[in-house]
Amino acid sequence: MDSTWINAPAKINLGLDVIRKREDGYHEVKMIMQSIRLFDRLTLTKSKTPGIHLTTNLNFLPVNEDNLVYQSAKLLMDEFGITDGLDIHLDKRIPVAAGMAGGSTDAASCMIAINRLFGLRLSAKKLMKRGVRLGADIPYCIMKGTALSEGIGELLTPLPNAPDCFVLIAKPVFHISTKFVYSNLKLDEHTVHPDIDAMIDCIRENDLHRMCKNMENLLETVTIPAHPEIETIKKTMLEHGALGSLMSGSGPTVFGIFDDADKAKAAKEVCRRLPYRCFVFVTDLYR
Ligand code: ATP
């Protein structure tokens, strides 16, 4: 095999709590991760020219060591002494810096594809052990599906599939830096936290309506005051049939959960007409 391709799914957080700040500066989290059917695509081709050659459809993305795809390819190729050249094309569809783990899922999928292309025979667990060196969300992006993520994001417990539903994604054009969000999070002010255990029960009971009532993200306490547009998008979705609506990760992406595709599509058109520009998209869960 000289060439292979792989789809890298985005994720949303059905719940996100921050437990504490550790002495090393990292935040301990408790999150429900869910893959959705919105994909980047990576195509990997062996080449006679030594080295990693990365291209992408987005001209503002780095194609050197600053790209997580490059880093993940280099990590495996160095460890296994792979001296062949490798051309990687990254076709990005997941919005960048959106709270949907775009870079992490690209890195995870790149490792899976290299494992296959060069016959490394690494188990998923072994890939996860290597992936976490590049980013705490990469092990989850290798696992995919519905999962509880704890620690700094690297402690994973697979969960049963979340209930079937339709997901409306709205990503406003502005960016929010993850660093800004965590450094402005005032944990001592929050005595009430998202109930992630209740969310897990709803998933286990396959109860979509109750799951949507329990969706909470502690990071909204930072991002909504800084960007009230996030609250407006959430309200818009709820007023147009969403059973629940939440910001994903550290934002600014907002998603709405619907039990009906037509309602989700109608709400999408309303979000499209909001006064600030949004990337809008209807999809469903990736199992
Ligand atoms: P998370 O949900 O894990 O916080 P995110 O969706 O907010 O991630 P990314 O899309 O992963 O953020 O991008 C964050 C930064 O990482 C960007 O500014 C970008 O320059 C850099 N980056 C490196 N590699 C990639 C990649 N393959 N895709 C997207 N961004 C990348």
Side-chain angles (χ1 to χ4, degrees), residues 5-16 18 26-27 29 31-36 38-44 52-75 86 88-114 131-144 147 149 151-154 156 169-185 217-220 222-223 226-227 230 246-255 279 281:
W5 62 268
I6 187 166
N7 278 339
K11 64 87 181 155
I12 53 175
N13 295 101
L14 298 174
L16 193 160
V18 183
Y26 285 100
H27 285 85
V29 292
M31 317 188 274
I32 306 289
M33 317 287 276
Q34 175 63 56
S35 310
I36 57 169
L38 168 62
F39 304 101
D40 288 344
R41 176 171 291 203
L42 287 100
T43 308
L44 291 83
I52 299 163
H53 306 278
L54 177 63
T55 52
T56 165
N57 60 322
L58 295 186
N59 59 14
F60 59 86
L61 272 188
V63 286
N64 55 14
E65 295 84 352
D66 292 333
N67 197 303
L68 276 166
V69 169
Y70 192 105
Q71 291 171 26
S72 63
K74 187 164 165 28
L75 187 149
L86 182 64
I88 308 176
H89 183 71
L90 169 62
D91 190 19
K92 279 221 69 95
R93 295 284 173 263
I94 304 170
V96 175
M100 287 194 277
S104 301
T105 193
D106 293 344
S109 290
C110 184
M111 293 179 84
I112 294 169
I114 288 182
V132 74
R133 292 187 217 148
L134 301 178
D137 281 347
I138 294 178
Y140 164 72
C141 293
I142 292 171
M143 174 190 271
K144 307 181 190 73
S149 162
I152 59 164
E154 84 294 11
L156 294 170
I169 299 288
K171 151 78 175 70
V173 285
F174 57 83
H175 290 246
I176 300 180
S177 106
T178 304
K179 199 168 162 221
F180 165 84
V181 176
Y182 277 96
S183 54
N184 284 282
L185 182 64
N217 180 345
L218 194 73
L219 301 181
E220 288 183 347
V222 179
T223 54
H227 293 280
I230 292 173
L246 199 70
M247 183 184 79
S248 184
S250 53
T253 297
V254 175
F255 65 90
F279 161 88
F281 188 82

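Indexing begins at 1, ligand by ligand and atom by atom, following the structure's order.
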Nearest option to atom 8 (O) of ligand 1, as decided by whichever heavy atom of A101, S109, G135 sits closest: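 Looking at heavy atoms only, the winner is A101.
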Counting heavy atoms only, name the option from E65, K92, M100 that's nearest to atom 28 (N) of ligand 1.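 The residue whose heavy atom sits nearest atom 28 (N) of ligand 1 is K92.
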Can you confirm whether something in the protein, heavy atoms only, sits under 4.0 Å from [atom]?
atom                    : value
atom 1 (P) of ligand 1  : yes
atom 15 (C) of ligand 1 : no
atom 25 (C) of ligand 1 : yes

At less than 4.0 angstrom from any non-hydrogen atom of [X], what atoms of ligand 1 do you find?
X    : answer
D137 : 3 (O)
D106 : 26 (C), 27 (N), 28 (N)
L68  : 23 (C), 24 (N)

To the nearest 0.5 angstrom, please state how far the OG atom of S248 sits from the CE atom of M100.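 The OG atom of S248 sits 7.0 Å away from the CE atom of M100.
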Rounded distance (nearest 0.5 Å) linking atom CG of N13 with atom CG of L219: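 Between N13 CG and L219 CG, I get 8.5 Å after rounding to 0.5 Å.
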Grab the two heavy atoms, one from N184 and one from F180, that are nearest each other, plus how far apart they are.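 Taking every non-hydrogen atom into account, ND2-O, 2.8 Å.
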Pair T55, V63 - check side chain to side chain contact (heavy atoms under 4.5 Å, CB included), show working. CA-CA 6 Å; T55 52; V63 286; 5.6 Å; no
For [X] and ligand 1, does the shortest N/O to N/O distance drop below 3.5 Å?
X   : answer
G99 : yes
L90 : no
V69 : no

Ligand 1 contacted by [X] (non-hydrogen, < 4.0 Å):
X   : value
D66 : yes
T56 : no
Q71 : no

Under-4.0 Å heavy-atom contact with ligand 1, by part of [X] that carries it:
X   : result
V96 : both
D40 : neither
N67 : both

Just to verify, which of N217, I32, L246 counts as forming a side chain to side chain contact (heavy atoms under 4.5 Å, CB included) with L16?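 The residue from N217, I32, L246 that satisfies side chain to side chain contact (heavy atoms under 4.5 Å, CB included) with L16 turns out to be N217.
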Have a look at L90 and tell me which of N57, L44, N67 forms a side chain to side chain contact (heavy atoms under 4.5 Å, CB included) with it.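 Of the listed options, the one satisfying the test is N67.
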Strictly distance-based, threshold 3.5 Å: is any side-chain N or O of E154 a donor or acceptor partner for the main-chain N or O of A136?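 Between the backbone of A136 and the side chain of E154 there is no qualifying donor-acceptor contact (under 3.5 Å).
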So does Y26 have more than 12 non-hydrogen atoms from other groups sitting under 6.0 Å from OH?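 Atom OH in Y26 is not crowded, with 12 or fewer foreign heavy atoms closer than 6.0 Å.
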If you have a sec, work out which protein heavy atom is nearest [atom] and how many Å separate them, to one decimal?
atom                    : result
atom 19 (C) of ligand 1 : L61 CD2, 4.0 Å
atom 11 (O) of ligand 1 : G103 N, 2.7 Å
atom 4 (O) of ligand 1  : T178 OG1, 3.9 Å
atom 13 (O) of ligand 1 : A97 N, 3.6 Å

For M33 and D137: C-alpha separation, side-chain torsions, deciding distance, then whether side chain to side chain contact (heavy atoms under 4.5 Å, CB included) applies. CA-CA 10 Å; M33 317 287 276; D137 281 347; 4.0 Å; yes
Parallel, tilted or perpendicular: ring planes of H27 versus Y182, cut at 30 and 60 degrees: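 Geometry flag for Y182 against H27: tilted rings.
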Give a yes-or-no answer on whether the side chains of Y140 and S104 include a donor-acceptor pair shorter than 3.5 Å.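 No, because no side-chain N or O of Y140 sits under 3.5 Å from a partner of the opposite role on S104.
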Taking the basic N atoms (NZ, or NE/NH1/NH2) and the acidic carboxylate oxygens, is any pair closer than 4.0 Å for K92 and D40?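 A salt bridge links K92 with D40.
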Does the pair T223 and M247 meet the rule for a side chain to side chain contact (heavy atoms under 4.5 Å, CB included), with working shown? CA-CA 9 Å; T223 54; M247 183 184 79; 3.0 Å; yes
